[in-house]
S.K.: 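The structure's right below; bear with me while I get my questions together.
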Amino acid sequence: MKKAEQSFFEAVWEVVAMIPSGKVTSYGAIAQYLSTPKAARMVGWAMNASLNAKLSIPAHRVVNRLGILSGKTHFGQIDLMETLLQNEGLIVVEDKIVNFKENFWDPSTELS
DNA sequence: GGGTTGACGTGCC
DNA sequence: GGGCACGCCAACC
């Protein structure tokens, strides 16, 4: 299921696509899963690229390490990301996921 | 090929 | 505890 020629973006998209509903993860966690923890910024960029590519991946389930919706401004509508998360059972207050730790989904742990 | 960018992370003040 | 500065690496121009 793994292609050798896929770029970072595609690898990130695969991981994000596997995030179960109601769960969230961080850019760093994804980057770490990809064995490139230093390239966490690329994950965010991949999200932006995915939106631009109109891919059907739950980019709203990816937040920064603090559980803050740092990328909400890229969803077209500011409240969209927050709305989607709350719709999945997450509690968002002040652009931050309150029960972030409880619903944190680490690909390195879940996917092994 | 070189410089800039970026939805981050960590460390330090 | 909040804010600032540096580092990181891949894609873009």
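Sequence lines set the chain letters: A, B, ... in the order given, protein chains first and strands last, and positions in each chain run from 1.
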S.K.: Nearest-Å distance, CG (A/Asn64) to P (C/dG3)?
M.R.: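 Interatomic distance, CG of A/Asn64 to P of C/dG3: 14 Å.
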
S.K.: Taking the side chain of A/Ala39 as its heavy atoms from C-beta onward, which of C/dA11, B/dA7, C/dC9 lies nearest to it?
M.R.: C/dC9

S.K.: Within a 6.0 Å radius of atom CD on A/Glu94, are there more than 12 heavy atoms belonging to other residues, nucleotides or ligands?
M.R.: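 It does not: A/Glu94 CD has 12 such atoms or fewer within range.
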
S.K.: Think A/Ser70 has a side-chain N or O under 4.0 angstrom from the OP1 or OP2 of B/dC8?
M.R.: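 True: A/Ser70 side-chain N/O within range (under 4.0 Å) of B/dC8 OP1/OP2.
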
S.K.: Taking only the side-chain heavy atoms of A/Ala40 (C-beta and beyond), determine which of B/dA7, C/dC8, B/dC8 contains the nearest atom.
M.R.: B/dC8

S.K.: Tell me the interatomic distance from A/Met81, atom CE, to B/dA7, atom C1', rounded to whole angstroms.
M.R.: 8 Å

S.K.: Could you tell me the separation between the CZ atom of A/Phe8 and the P atom of C/dC9, rounded to a whole number of Å?
M.R.: 10 Å

S.K.: Which whole-number value in Å describes the distance from A/Met47 CE to B/dA7 P?
M.R.: 12 Å

S.K.: Distance check, rounded to the nearest 0.5 Å: A/Lys72 atom NZ versus A/Leu84 atom CG?
M.R.: 12.0 Å

S.K.: Nearest whole angstrom, please: distance from the C1' of B/dA7 to the CH2 of A/Trp45.
M.R.: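 So the two atoms are 12 Å apart, to the nearest Å.
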
S.K.: Nearest 0.5 Å, please: how far is CD in A/Glu110 from NZ in A/Lys23?
M.R.: 7.0 Å

S.K.: For DNA chain B, whose closest nucleotide is more 5', that of A/Ala59 or that of A/Arg65?
M.R.: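 The residue mapped nearer the 5' terminus is A/Ala59.
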
S.K.: Let me know the distance between CH2 of A/Trp13 and C1' of B/dA7, rounded to the nearest Å.
M.R.: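 In whole Å, B/dA7 C1' lies 14 Å from A/Trp13 CH2.
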
S.K.: Rounded to the Å, how far apart are A/Leu69 CG and B/dA7 P?
M.R.: 14 Å

S.K.: Return the 5'-most residue of the pair A/Phe9, A/Arg41 with respect to DNA chain C, ranking by each residue's nearest nucleotide.
M.R.: A/Arg41

S.K.: So if I take every side-chain heavy atom of A/His74 and compare against C/dG7, B/dA7, C/dA11, which nucleotide ends up nearest?
M.R.: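 That would be B/dA7.
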
S.K.: Check the hydrophobic clustering (I, L, V, M, F, W, Y; side-chain heavy atoms under 4.5 Å; chains of links allowed) and say if A/Met81 and A/Phe100 are grouped together.
M.R.: yes

S.K.: Please check this pair: side chain of A/Arg65 against backbone of A/Gly28, looking for a donor-acceptor N/O pair closer than 3.5 Å.
M.R.: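 Answer holds: no.
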
S.K.: Can you measure A/Leu80 atom CG to B/dA7 atom P for me and round it to whole angstrom units?
M.R.: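 Taking atom P of B/dA7 as the reference, CG of A/Leu80 is at 17 Å.
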
